[in-house]
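Here the structure comes first, spelled out in structure tokens, and everything after it is commentary.
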Amino acid sequence: IKSLFRYKNASISVHGEKPNTVKVLCSDASEAIQQLPSYQKLMRAEYHLIPLNRRIMNHPEVYTYFLEDLKKGYGNLAGVQMLEHIGINATVATSLALGGEVFGFLEFHFANPDDLDQVNHNLFKNVANQVAVAVSNILANESIQAREQEKALQIDIIDAINQGRNWREK
């Protein structure tokens with residue numbers, strides 16, 4: 001995909017555990033960027049949805065924004081500061097939806113705003129649709145695994161209680 005869009009970094013964000021939050025599910029940042037403590041912190045946190053996130057998620061097509069505009073309204077946010085630190089100046093984004101339900105967004109970040117001229121919006125939206133299916137499957141698998149782990153823990157607790165009862169009865 002990088003050869004098609006010439007982006008510097010891409011990220012997938014999804015709804016967080018808490019209402020009106022979002023979290024970065026994954027990012028293809030370079031190894032050097034991934035080692036930054038501020039990047040690692042960003043990747044583990046949930047964030048309140050800001051109006052920009054809502055616009056992306058409610059916008060039916062591709063949404064474009066620039067670092068300079070972000071800094072005016074959100075310059076104090078860690079994510080905006082990270083974009084500036086790693087040299088991101090422009091972003092194209094679109095919502096991720098499956099079955100009509102929006103659950104996140106895909107962003108391609110560019111160092112050079114002129115690179116946005118070569119982004120084919122239809123192709124980007126098609127890529128996002130494929131990503132949405134894959135991410136939806138991953139999230140569903142994670143949910144199933146979490147339920148299975150919870151059930152296994154409940155069984156372990158019941159077994160421990162039963163063993164305690166059996167021991168007392170002897």
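None of these values were measured; they are calculated from a predicted model. Worth knowing before you read on, the calculation uses all heavy atoms, side chains too, and leaves out hydrogens, waters and symmetry mates.
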message = E17: which residues meet the salt bridge (charged side-chain N to carboxylate O under 4.0 Å, His left out) condition with it, sequence neighbours left out?
response = K23

ask   = Would you say Y47 and M57 are hydrophobically clustered, going by side-chain heavy atoms of ILVMFWY under 4.5 Å?
value = yes

message = Can you list everything that forms a side-chain hydrogen bond (donor to acceptor under 3.5 Å, both in side chains) with N89? Sequence neighbours excluded, please.
response = none

query = When rounded to the nearest 0.5 angstrom, what distance separates OG1 in T64 from CD1 in I56?
reply = 9.5 Å

request  = Look at the side-chain heavy atoms of Ile, Leu, Val, Met, Phe, Trp and Tyr, link any pair under 4.5 Å apart, and say whether F66 and L52 land in one connected group.
outcome  = no

message = Applying ring-ring contact (aromatic ring centres under 6.0 Å, His included), can you list everything that pairs with H59, at least two apart in sequence or on another chain?
response = Y63

key: Residue pair N9, D28: steps toward the side-chain contact (heavy atoms from CB on, under 4.5 Å) verdict   = CA-CA 6 Å; N9 176 275; D28 77 338; 3.9 Å; yes

Show me the donor-acceptor pairs within less than 3.5 Å that the side chains of residues 93-107 make with the rest of the protein, sequence neighbours left out.
{"from": "T94", "atom 1": "OG1", "to": "E61", "atom 2": "O", "distance (Å)": "3.2"}
{"from": "T94", "atom 1": "OG1", "to": "K125", "atom 2": "NZ", "distance (Å)": "2.7"}
{"from": "E107", "atom 1": "OE1", "to": "S11", "atom 2": "OG", "distance (Å)": "3.2"}
{"from": "E107", "atom 1": "OE2", "to": "Y65", "atom 2": "OH", "distance (Å)": "2.3"}

inquiry  = Could you measure the distance from the OG atom of S38 to the CD atom of Q81? Nearest 0.5 Å is fine.
reply    = 9.0 Å

message = Between I138 and V22, is there shared hydrophobic-cluster membership here, with clusters defined by ILVMFWY side-chain heavy atoms closer than 4.5 Å?
response = no

key: For L77, side-chain contact (heavy atoms from CB on, under 4.5 Å) partners two or more places apart   = I50, Y74, V80

request  = Sequence neighbours left out, what passes salt bridge (charged side-chain N to carboxylate O under 4.0 Å, His left out) with K71? Give chain and number order.
outcome  = E68, E84

inquiry  = When you compare the side chains of Y39 and S27, does any donor N or O come within less than 3.5 Å of an acceptor on the partner?
reply    = yes

request  = Not counting sequence neighbours, which residues clear salt bridge (charged side-chain N to carboxylate O under 4.0 Å, His left out) with R55? List them please.
outcome  = none

task = Could you grab the distance from atom CZ of F124 to atom CG of N129, nearest 0.5 Å is fine?
result = 10.5 Å

key: I86 side chain near L36 side chain, heavy-atom distance below 4.5 Å   = yes

remark   = Hits for side-chain hydrogen bond (donor to acceptor under 3.5 Å, both in side chains) against Q34, two or more places apart or cross-chain, chain-then-number order -> none

query = Is there a chain of hydrophobic side chains (I, L, V, M, F, W, Y, each step under 4.5 Å between heavy atoms) that links V92 to V127?
reply = yes

ask   = Would you say L70 and L42 are hydrophobically clustered, going by side-chain heavy atoms of ILVMFWY under 4.5 Å?
value = yes

note = S136 meets the side-chain hydrogen bond (donor to acceptor under 3.5 Å, both in side chains) criterion, sequence neighbours left out, with none

H121, NE2: over 12 other non-hydrogen atoms inside 6.0 angstrom = yes

inquiry  = Measuring from atom NE2 of H109 to atom CG of L67, what distance do you get when rounded to the nearest 0.5 angstrom?
reply    = 11.0 Å

request  = Mind checking the CD1-CD1 spacing from I88 to I33? Nearest 0.5 Å is all I need.
outcome  = 6.5 Å

remark   = Sequence neighbours excluded, the answer for salt bridge (charged side-chain N to carboxylate O under 4.0 Å, His left out) partners of K8 is none

query = Excluding sequence neighbours, so at least two apart, what forms ring-ring contact (aromatic ring centres under 6.0 Å, His included) with Y7?
reply = F108

task = Using the test side-chain hydrogen bond (donor to acceptor under 3.5 Å, both in side chains), find all partners of Q35 that sit at least two apart in sequence or belong to another chain.
result = E31

ask   = Between CG of N120 and CZ of F5, what distance do you get to the nearest 0.5 Å?
value = 6.5 Å

